2 protein chains.
Amino acid sequence: MPSSAKPPGGPAIHAINPWVVGNLKPGARHQLLSDDERAQLARISSIVRFKKGEQIYNKGDPADAAFNIVSGVVTIYPELSGKHRHVGAFLYPGDIFGLSEEGFYTNASGATTPVVAYRMPMHALRRLLASRPDLDVDVIVKLCEELRQAQRHSLVLARKKAVPKLAMFLDLQEHLQMLPGEPAAAAIYLPMSRSDIAAYLGLTLPAVSRAFRKLVSDKVIAFRDRQHARIVDRKAFEGIADAEDRLGA
Amino acid sequence: MPSSAKPPGGPAIHAINPWVVGNLKPGARHQLLSDDERAQLARISSIVRFKKGEQIYNKGDPADAAFNIVSGVVTIYPELSGKHRHVGAFLYPGDIFGLSEEGFYTNASGATTPVVAYRMPMHALRRLLASRPDLDVDVIVKLCEELRQAQRHSLVLARKKAVPKLAMFLDLQEHLQMLPGEPAAAAIYLPMSRSDIAAYLGLTLPAVSRAFRKLVSDKVIAFRDRQHARIVDRKAFEGIADAEDRLGA
DNA sequence: CGCTGGCTTGATTCTATTCAATTTTCGTGG
DNA sequence: CCACGAAAATTGAATAGAATCAAGCCAGCG
């Protein structure tokens, strides 16, 4: 665990900054931390790697560290219950997880792709936060971001019909994947399994499959392969994603 | 708006404290703020009242203040869209809202019952937070609480069948209404309209009505009046609330 | 006292679940 | 590198449960 070989320059927190109103274009995600702050965090962090499918921590485990994703995708499971396993969130580089509980983790998490992350021991993190008031403002901002994220998830779950649900989900993932700087990816990357998508949307696997089929056969989206969807008809897509639940196509 | 007649002793934040592991019993809500902190907050706050049904602020309004509920119930609407109006949360005394955005509110809120609240101007609040590092720890704690709340909401929304959904909702509301100190209320108070419950659960009004009917006719709950439900058969109730979705009664 | 809006209840339609069979994909070991 | 086996995904048919449409009920309020 030597932090000798650290890739970019320390932990990075990506978020839509809700405080600053000026120069930054709204809706885009930015790096919240200054180089100095990242260096501070890097000093207490170690780099960890997880294989695809590997569990990172389980609900109820003693929570000794928080994580910051460098690369890969992490899935959060709010409950461990064998069946009926709901998916709480899909996390991307720049996101933080394992926070929000002292003592024990309140949810489980797993690596959906191979994952590289910073591991930040809680005790060191708290010491750092206490000595750097500007840092906990960033934490607050990040928490607000996650809250908005969770609220969007609720909005998706509240939709009754499968096709709009799925369209909204794709829209969400696309926004999440817009990285700071880069313009717009050609395809939406879907590294998670169809069952995980189903669990995230509150649908069954077959329902998700059929909804995808419909979107494809209606020429709204197209698949390059199982993991890469491209939006063919943006107009129709948005119409479906934010249509009131009645009014058919 | 004179803050001369302030009821208890300043703003109060109720939350399940996730940091302290000791003496406090888990699952119970506590007052986070010290008397001193409450006094500080009181100095910058004014007391406001809203009539039942009154809108407190609208999505997109300039956000000049946050609120802390003294008494009454507040409903959060994540979107203003006329139809398909989803309900994001029901808030109780001790909760904070109107936070989490600088510049403009990101959701709408309304008084579901007559509401008394502290109104804390953002500029003063931020100044106070900057000068009192211990206070923003409390804010972080409260945000974590709201996040867990939102995640629980997701869990409820992910349920496919109406009856378990409703049972889970009642369970949630009951926990929310457990005030610091008091033991357990005899009845669950449901001040919100059935349509708001439906919007919160991602169901239609008739579906909610039928689900209530079933719970009542199965002797699991009983109504004292439209607003007060009592759990008659706690065993069966919990069985329904956390049953896997298949296996019927 | 009658009205209005929220709630309940009923009949029908529609869509997602469920159960189940088949195909594809992917990881493993030969 | 290919072949195999297991897990995931697709597809199909039948069912169940909620949405929808619509009518009547109850309660609060002028």
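Please read these numbers as outputs of a predicted model, since none were measured by experiment. Quick note on labels: first sequence line is chain A, next is B, and so on, each numbered from 1.
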- prompt: For the atom pair CG (A:L143) and CD (B:E146), what is the distance rounded to the nearest 0.5 Å?
  reply: 10.5 Å
task: State whether A:S209 places a side-chain N or O below 4.0 Å from either non-bridging phosphate oxygen (OP1 or OP2) of D:dT11.
output: no
Among C:dT17, D:dA18, D:dC21, the nucleotide that comes nearest once only the side chain of B:A207 is considered: D:dA18
message: Is the ring pair B:F50/B:F67 parallel, tilted or perpendicular, if the boundaries are 30 and 60 degrees?
response: perpendicular
- request: Over 60° means perpendicular and under 30° means parallel, so classify the ring planes of A:F169 and A:Y200, tilted if in between.
  value: tilted
- request: Write down the distance between CZ (B:R159) and C1' (C:dT17), rounded to a whole number of angstrom.
  value: 15 Å
- prompt: A:D225 CG to D:dA9 P: how many Å, rounded?
  reply: 13 Å
field: Plane angle bin for A:H228 and A:Y189 - parallel if under 30°, tilted between 30 and 60°, otherwise perpendicular
entry: parallel
- request: Answer yes or no: does a side-chain N or O of A:T204 lie under 4.0 Å from OP1 or OP2 of C:dT17?
  value: yes
query: For D:dT10, does either OP1 or OP2 sit under 4.0 Å from a side-chain N or O belonging to A:R194?
result: yes
query: To the nearest Å, how far apart are B:R85 CZ and C:dG6 P?
result: 10 Å
- line: Here the gap from A:I240 atom CD1 to A:K214 atom NZ, rounded to the nearest 0.5 Å, amounts to 9.5 Å
field: Separation of D:dA18 C1' from B:L203 CG (nearest whole Å)
entry: 8 Å
statement: Taking for A:G202 and for A:R226 the nucleotide of DNA chain C with the nearest heavy atom, the one nearer the 5' end belongs to A:G202
message: Distance check needed: D:dA9 P versus A:M192 CE, whole Å only.
response: 12 Å
query: Please give, in whole Å, the distance from C:dA16 C1' to A:K161 NZ?
result: 12 Å
- prompt: Looking at D:dT20, D:dT11, C:dC7, which one has an atom nearest to any side-chain atom of B:L205?
  reply: C:dC7
message: In this structure, how many angstroms lie between the C1' atom of D:dG12 and the CZ atom of A:R213, rounded?
response: 11 Å
- prompt: Is the base of C:dT18 touched by the side chain of A:R210 through a donor-acceptor pair closer than 3.5 angstrom?
  reply: yes
- request: Take atom CD of B:Q227 and atom P of D:dA27, then tell me their distance rounded to the nearest Å.
  value: 13 Å
